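Side-chain atoms are counted along with the backbone in the values below, which use heavy atoms only and exclude waters and symmetry mates. It should be emphasised that the depicted structure is a prediction, and the values quoted were computed from it without experimental measurement.
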Amino acid sequence: MLLHIRREVPQVTVNDVKDNWERLQHTIHYSFNDISFLENAMTHSSYSNEKHMPKDRNNERLEFLGDAVLELISSNFLFHSHPEEPEGILTKLRSSMVCEMALAFCARRIDLGSCILLGRGEDMTGGRERESVTSDALEALIGAIYLDSGLDSAAAFITEHILSDVENRQLFIDSKTILQEMVQADMHGSLHYVLDGEEGPDHNKKFFVSAMIGETEAGRGCGRTKKAAEQDAAYNAIMKLREQKDVPEIN
């Protein structure tokens, strides 16, 4: 039975967001010398437009700078960690490591969405969970750290929160394919996905899905689209199966 859930989403206030900045600095192991850099990085264009702020007060310029810093640090990392690989392979590896989905995954791990100042419309339509918003904010955060205390600090942040745990991020991105391979290789029953329910208005839906192996629920997930919910369910199923040590890791 498909459930249609109606749930009021509380409006996040500016004070709520700014309170989260202290938590964010603790999470990323970096304290800003000039907090205005962080404020700039966390100001989405929808908020600056709504408040009639100057265009340079949103995070788009910092995103541009952070993207360049990220490209330099990730390129340096790959150059030294893959000494035998040609330029074409290095370019593909870098693209997969810093693509929008991968950066959004990193942003989720530090709960960056709760730290972004959004316009009311963007907030009410799920902007805090939108990959394009959170990945851009992550690049802006890199730019802010770079301006606040230089390349070494930005590199330390990138190394800890983006370049580490690459395997787990790649697993998340390719979770449906990897789970399918695991089921085909080691398990009985076919893999399929069941839509359990959905909530919210049409412009801001959230879907709930179960990954099923035969008649057994392997994992549950949610997302703004059915595809995203299936991906989340597959990822959680893989984590559950690995904990049970029923199947080997996929290399």
Considering residues at least two apart in sequence or located in another chain, which fulfil the side-chain contact (heavy atoms from CB on, under 4.5 Å) criterion with Ile73?
Val69, Leu151, Ala155, Ile158, Leu163
Contact summary for Leu65 and Gly143, nearest pair of heavy atoms:
CD2-O, 4.0 Å
Before giving the answer on side chain to side chain contact (heavy atoms under 4.5 Å, CB included), spell out for Arg23 and Asp111 the whole-Å C-alpha distance, their side-chain angles and the decisive distance to 0.1 Å.
CA-CA 10 Å; Arg23 188 267 311 157; Asp111 192 22; 3.5 Å; yes
May I ask you to decide if Thr13's main-chain N or O and Asp16's side chain share a donor-acceptor pair within less than 3.5 Å?
yes
Would you say the side chain of Asp136 lies within less than 4.5 Å of the side chain of Leu103, judging by non-hydrogen atoms?
no
Point-to-point distance, once rounded to the nearest 0.5 Å, from OG of Ser74 to CG of Leu90:
10.5 Å
I need the full list of salt bridge (charged side-chain N to carboxylate O under 4.0 Å, His left out) pairs touching residues 85-106, with sequence neighbours left out, sorted by first then second residue.
Glu71-Arg94
Would you check if Leu24 and Leu112 make a side-chain contact, meaning some heavy-atom pair closer than 4.5 Å?
yes
Inter- and intrachain pairs under ring-ring contact (aromatic ring centres under 6.0 Å, His included), touching residues 125-146, at least two apart:
none
Ion pair present between Arg108 and Glu129, side-chain N to carboxylate O less than 4.0 angstrom?
no
Distance-only donor-acceptor check, side chains Glu122 and His44, under 3.5 Å:
no
Suppose we screen for ring pair (Phe, Tyr, Trp, His ring centres under 6.0 Å). Which residues come up paired with Tyr30, at least two apart in sequence or across chains?
Phe32
So, Glu50 side chain and Arg120 main chain: donor-acceptor pair closer than 3.5 Å or not?
yes
Are more than 12 heavy atoms, taken from residues, nucleotides or ligands other than Asn33, located less than 6.0 Å from that residue's CG atom?
yes
Which pair of non-hydrogen atoms, one from Ala237 and one from Ala211, has the smallest distance, and what is that distance?
CB-CB, 4.5 Å
Who passes side-chain contact (heavy atoms from CB on, under 4.5 Å) against Asn76, sequence neighbours left out?
His80
Donor-acceptor side-chain pairing of Ser46 and Asn49 below 3.5 angstrom:
no
Between Glu181 and Thr177, does the side chain to side chain contact (heavy atoms under 4.5 Å, CB included) criterion hold? Intermediate values first, please.
CA-CA 6 Å; Glu181 292 174 354; Thr177 299; 3.7 Å; yes
Verify, without hydrogens or angle tests, whether Trp21 (side chain) and Leu38 (backbone) share a donor-acceptor contact under 3.5 angstrom.
no
Kindly write out the residues that satisfy side-chain contact (heavy atoms from CB on, under 4.5 Å) with Ala234, not counting sequence neighbours, or none if the list is empty.
Ser175, Lys176, Leu179, Tyr193
CD1 on Ile28 to CZ on Arg109, rounded to 0.5 Å
15.0 Å
Do Arg128 and Ile116 have side chains that approach each other closer than 4.5 Å (heavy atoms only, starting at C-beta)?
yes
Does CD belonging to Glu22 count more than 12 external heavy atoms closer than 6.0 Å?
no
Measure the spacing between OG of Ser153 and CD1 of Ile145 and express it to the nearest 0.5 Å.
7.5 Å
I'd like to check Lys205 versus Lys226 (side-chain heavy atoms, cut-off strictly below 4.5 Å). Are they in contact?
no
When hydrophobic residues are tied together by side-chain contacts of less than 4.5 Å, even through go-betweens, does Val14 share a cluster with Met53?
yes
Asp232 side chain vs Gly223 backbone, donor-acceptor pair below 3.5 Å:
no
pair Thr134-Leu138: side-chain heavy atoms closer than 4.5 Å:
no
With no hydrogens and no angle check, is any side-chain donor or acceptor of Arg130 less than 3.5 Å from a backbone partner on Thr125?
yes
Quick check: closest heavy atoms across Ser210 and Arg220, and the distance to 0.1 Å?
OG-CG, 3.8 Å
Is there a side-chain contact between His82 and Leu93 in this structure, where contact means two heavy atoms from C-beta onward sitting under 4.5 Å apart?
yes
Pair listing, salt bridge (charged side-chain N to carboxylate O under 4.0 Å, His left out) test, anchored in residues 33-45, at least two apart:
Lys18-Glu39
Say you draw a straight line from CG of Asn58 to OG of Ser48; how long is it, rounded to the nearest 0.5 Å?
4.0 Å
With sequence neighbours excluded, residues passing side-chain contact (heavy atoms from CB on, under 4.5 Å) with Ser164
none
Chi angles and distances behind the side chain to side chain contact (heavy atoms under 4.5 Å, CB included) call for Phe77, Thr159
CA-CA 9 Å; Phe77 171 81; Thr159 299; 5.9 Å; no
Could you tell me which residues satisfy side-chain hydrogen bond (donor to acceptor under 3.5 Å, both in side chains) with Gln25, sequence neighbours excluded, listed by chain and number?
none
Under a 4.5 Å cut-off applied to non-hydrogen side-chain atoms, are Leu62 and Leu147 in contact?
yes
Spell out, as yes or no, whether a donor-acceptor pair under 3.5 Å connects the side chain of Asp148 to the backbone of Phe37.
no
Apply the test side-chain hydrogen bond (donor to acceptor under 3.5 Å, both in side chains) to residues Thr43 and Asn40: give CA-CA distance (whole Å), side-chain angles for both, the deciding distance (0.1 Å), then the verdict.
CA-CA 5 Å; Thr43 301; Asn40 196 179; 5.3 Å; no
Would you mind reporting whether Met182 and Ile178 have side-chain heavy atoms less than 4.5 Å apart?
yes
Under the 4.5 Å side-chain heavy-atom rule for ILVMFWY, direct or indirect, which residues accompany Met212?
Val194
Applying ring pair (Phe, Tyr, Trp, His ring centres under 6.0 Å), name anything that partners Phe157, two or more places apart in sequence or on another chain.
His161
Please, which pairs that meet salt bridge (charged side-chain N to carboxylate O under 4.0 Å, His left out) have at least one residue in residues 52-63, sequence neighbours excluded?
none
